[in-house]
Amino acid sequence: MGKVWLLKLKAFLHDPPHKHWIISMDNEECIKKFQLQEKSRCHEILIKSKVIEPLLGEDLTEEEEKLIEKADTQAYPVNRILPPVAVKIRGEDVIFFDIFSKKIYYDILAETDYETENKRFLELIEKLATNYKLSQINKEEKAKILFLFLWRFYQKFFHWMKIHPADTRAPNHSIYDHLVQTSTLVSALPKPAFLLFTIGPVQSFIATARKTSDLWAGSYMLSYFIWESMKFVVEHYGPDVIVYPNLLGQPLVDLWLSSKVFGNSFTDLAQTEFDEWFKEWNRVPRSESLEGKLNIANMPNKFLAIVPVNEGEALKLGEECEKNFKEQLKRLAKKTAQRLEGILNLDRDLEKIQLQIENQLLKYFQVYWAVMPWFEEEESPEEALAGYREIIGETELYHTISEFTKHVNKILGKNQEKSKKYRDFSIAYSLLLELTEKLLGARKSIREFEQLEQKGRKCSLCGEFEVLPLDWEKLRSKEKGLVKENERLCGVCLAKRLFPKIMKEELNLSEELKFPSTSEVATIGEKRRIAETKEFIAEFKELFKEFKQKLMLPNTVSVPKLKDNQLFEIDGQWLMKESYREEYIKSEYTENFEIEDFQNMVQKITKLLEAYKINPSRYYAILQMDGDHMGKWLKGENSPSIMETLHPKVVEHIKQHAKDNLSSILYKKHPTTPSLHQTLSRKISTFALQEVRRIVEEKHYGKLVYAGGDDVLALLPVEEVLGCAYELQNAFKKVLSSEASMSAGIVIVHHKYPLYLALKEVQLAQKKAKDERQYNRDAFCLKFIKGSGALKECGGKWELIDFLKELIEHFRKEEFSSTFPYQFFEVVDRLYDDRNKEQVIGILRNELKRIFIRQSRNRNALEKYTDEILLPKFDEIISKTPNGVMNFANMLIIARSIAMEARI
C-alpha cells in the first residue's frame, strides 16, 4: 500500500476531537459559525476544509477514500454491542462510561469551553500545515511524521478526549480510541488479521542470577528485545496497530520518536506539552528522572497487532519480527565479544568466541508467533462462531455473539444494507482473539529441538551451556566485580552480565546502570538512622577511601532515595564487620594486598564501627507482585454487562421496543474489544510507569527491577516491604478498577543467601498467594528465611497487612515480649494437627491469652488488646486461611523477626 501514512493520517483525522459539541449545534448555525462553504454535515465539512485540505490536499483516490469510510464504519461494531435503535443523544444528555471503574461522567459537554478548544484545535492544524520543515519533504513522509505526532500528543493537547465518547448511544470508548482504531483498520484493510508474537523463556531466564545486576539485565533484555521485534511493524504501519501492550508513553517508543522520527521537524511548534517533552528527550545529558524511566523493563514478553493479510503481508511481518529478534541476539553476541576483546585482547579467537555466544543465545531463546485472519468481506460472524464452537466450545462469549447475531438478523432481515452493517465480521473480534491465543498455544506445543554440542565444563550460573574459553582470572582482575573467583560463564550468562555496559551505549545513557547489592538494600535502614551522625560519617569515609583505593574495589551505588546520603556510594556490606575478613576479600575482589597493611586498615574501621554501635540489618526483602485474573480482564470476563455500556435512553428504547426477546442480551457481559484492550493496557502502563517506580523508589527506599504492566519485581529494606506491597495493591485498584487486585510473594532473606534460590522462593510464595487452595488471590504470602536456612511462612488477604504491621511496631517498641511468639509456637507445635483441630482450638485460644499476658507488667492494657484484637484476629485467621493455626503462630514469629531487623 503505497499511501499507508496518508491513509492513516486522514483516517485518524476523519472526526474532530470535539465532534459531539459540533453536532450538538444546529447544522445551519454551525456552518455559518465556522464560515463553511458546503452544505453538508458540519463536522465533516469542518474536517475537510479546515484540516484535510490544508494538511494533505486532495491526494487520495476515490477507492482510498472508501477504505477510510469502511475503516470508520468497522471501528464502531468492533467496539460495542449495540442493537439497531433510532435514538439520538445530544447536548446535555451526552455521557461517558468508564468500562473499568464503571464510573459515569454526566453532561460532559458542559465541562469544557469548546469555543476555546475549537480555536486551539484549528490553530494547531494551521501550525502543522504551515510548518516550513515539513513542507520540504514528500507527502508520504510528511504524513508519517504528522500521524505519529498526533498519535502521541493528541490526548495531551486535548485531555478531555479521554471521556468524550465515540458513540453517544454506546459511550463505552472515547473519541481518541475510535480515531486510533480507524487508523489501525485502514492500514489492515481489505482483510485484517491478528499477529500474536511472544518470546521466552521468562521466569527461568530472569531468575538465573547471582548478582542484582543480573536480575535487572534478564528482565530488561526481554523488554528491550520485544520492542526491537515489534519495531518493524511499528515503523511500517504505526504504533497504533499494536493493540497490546499499549505503546503510548512507553520510554523506548518515545526514544524512537524523538531520535528517529521527529528530528527537528517541530522545533518551533510553540505547543507547551510537546515542547517540554521534546526538550527533555533531546537534553544532553538526559535528566535522572528520564534515564530512570528508560532503565525500567516496562514491556511484557509478547505483543498483539492488527495487520493486513493481503498478499501474505501478515506472514511476512511475523517472519520479519522473528528475524529482527534473532538479529538482536546476534548483535548482542557481537557487542559482548567486542567488550571481551577490549579487556582480553582475543585476537584470532574473537570470531570463535562471538560465534559460540551467538549459538548459545539463539539456542536458549525461543520465539513463537501466530496469524489469525479475520473474515472475507462476504463472510459473516456465523463463520467465526462455527470455528469457535468446534475448537473452544459454547462459552458465555459464544452465546452472547450468537444470540446478538441471530436477533439482529431477524430484525433487519429485509434491510440488507443495515443487516450487513450489524453482521460485519468485526463483531466477532472477541471470538477471533481467543482463537488466536489457542493457535499460538498450539504452536508453542510443537517444540523445535536442535542439538548444540556441549563437551566442556558447564556454566556455573545456569548450568546449561558450555563455558566460554576465556582467561577468566585475567578477566576478573581487569574488570573488577564482573566475575567472582572460580566463576565460569557461558555466552548467555556473560552477555547478561555485560548487558548494563552494552545498554549504556545503546541508549546513550550518561553513565552505566549500577544496581545496589543485596547487602546495600539490607543496610538502608541503618544508613537512614545514622544519616545525621556527622562525626562517624566523616571518619568512616576517610578510612574507607584509603581501603577502597588500596584494594581497588569497584564503584557502587545505593537506592535512588538515598541519592543525597553521605554513604550513597559506599556499599552497605562495609558497615558490617564480617565483610572485612581476609578470605572474603581474596575470593570476591583481589589477593594483591599487603597483609599487615590490610589488617591495620581493617582494625581501624572495625573499631570505629564498634565505637558508634553500627549494626545494620543483614536481611532484605524481595517483592514480586502481579495482577489477578489478568487473562479474564483481557478476555472481557470481568467486563460490565452490555446494558451498563449503553446510554440509559438506548436501554429504555430496547426494553420498550425489542423484538424476539432482544433485551435479554442486555444482561450478558460485554465481549472484549480493541478499546477494552487498549484501555486496559494504557491503565496498567500508567500504573507501571507512573505509580510503581514512585511508590517503590521514591516512597519506600527500594529498587525496582521491572514493572512490566501488572508484573512487579523489587528489592526493598525489611522495614519498608509490607507498606510498599500494600500501597502498590491500592494503587493498582485505583488506576485499573476497584474490582481489580494483585497478589504478592514476599521473601525476607539474609543478604548472602543465594539470589537465584531467593528468587525461586519468592516465585513459590506468589504462586501460593494466588493458589485457590492456599490464599486464593487478592492476597500476600510472606516468607522469612533465616541465615541458618530455617523458614517461617504466613499469609492471607491484604487487610491482614495492617495487623502484621501493628504487631511489628509493638515488638519494635518492646511493648510485647520477644519470647511470647516462640512460646506460643511451641504449644501449637505440641498440641495441634488437622485431625484434632476442633478439640484443641479452645485450648490454644486460652494458651494464647495466658502466654501473652504473663510476659508483661502492663497486664490491663494487654488484656484489653487480647480481647479486642489478638483473639478476634486469631479466630479470623484460623477460619479464613489454610492451616490457619500455624499461619497465625508463624505470623507472630515473623512480626517479631522483622521488628528485630528494622532500624528506623
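Ion pairing between E320 and K316 fails under the 4.0 Å rule for side-chain N and carboxylate O. Between R488 and E473 a salt bridge is recorded (basic side-chain N to carboxylate O distance below 4.0 Å). Of the charged side-chain nitrogens involved, none lies within less than 4.0 Å of a carboxylate oxygen, so that E591 and K586 do not count as a salt-bridged pair. At a threshold of 4.0 Å, the pair K302-E437 counts as salt-bridged, since one of the basic side-chain nitrogens sits closer than that to a carboxylate oxygen. A salt bridge is absent between E327 and K323; no separation between the charged side-chain nitrogens and carboxylate oxygens falls under 4.0 Å. Salt bridge annotation for R339-E479: absent, with no cationic side-chain nitrogen under 4.0 angstrom from a carboxylate oxygen. With salt bridges taken as basic N to acidic carboxylate O contacts below 4.0 Å, one links E487 and R210. Under the 4.0 Å criterion applied to side-chain N and carboxylate O atoms, E698 and R694 are not assigned as salt-bridge partners.
If you run side-chain hydrogen bond (donor to acceptor under 3.5 Å, both in side chains) between S519 and each of R618, Q573, H751, only H751 comes through. Of the residues listed (E719, E901, R903), the one engaging S617 in a side-chain hydrogen bond (donor to acceptor under 3.5 Å, both in side chains) is E901, and it is the only one.
The six-membered or imidazole ring of W574 lies near that of Y580, with a centre-to-centre distance under 6.0 Å. A ring-centre distance under 6.0 Å is found for H750 and Y619.
Partners of S477 under the side chain to side chain contact (heavy atoms under 4.5 Å, CB included) rule, at least two apart in sequence or in another chain, do not exist in this structure. With sequence neighbours left out, F303 forms a ring-ring contact (aromatic ring centres under 6.0 Å, His included) with F197.
Note that K792 lies outside the cation-pi zone of F784, set by a 6.0 Å cut-off to the ring centre and a 45° limit from the axis. The cationic atom of K703 (NZ for Lys, CZ for Arg) lies less than 6.0 Å from the six-membered ring centre of F515 and within 45° of the ring axis.
Between F365 and F325, the ring planes are perpendicular. Angles over 60° get that label, and only those under 30° would be called parallel. Note: F547 and F544 have tilted aromatic rings, judged against thresholds of 30 and 60 degrees for the angle between ring planes. Taking the six-membered ring where the residue is Trp, F205 and Y364 present tilted rings, their angle falling between 30° and 60°.
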Scan the side chains in residues 249-258 for donor-acceptor partners under 3.5 Å anywhere in the protein, sequence neighbours excluded, and list what turns up.
from: D254; atom 1: OD1; to: R152; atom 2: NE; distance (Å): 2.8
from: D254; atom 1: OD2; to: R152; atom 2: NH2; distance (Å): 3.0
from: D254; atom 1: OD2; to: W277; atom 2: NE1; distance (Å): 3.1
from: S258; atom 1: OG; to: D254; atom 2: O; distance (Å): 3.1
from: S258; atom 1: OG; to: L255; atom 2: O; distance (Å): 3.1

Between D628 and K770, is the side chain to side chain contact (heavy atoms under 4.5 Å, CB included) condition met? List the steps. CA-CA 8 Å; D628 296 322; K770 287 180 171 289; 2.8 Å; yes
Could you go step by step and tell me if E322 and K326 meet the salt bridge (charged side-chain N to carboxylate O under 4.0 Å, His left out) rule? CA-CA 6 Å; E322 180 174 359; K326 291 179 178 178; 3.1 Å; yes
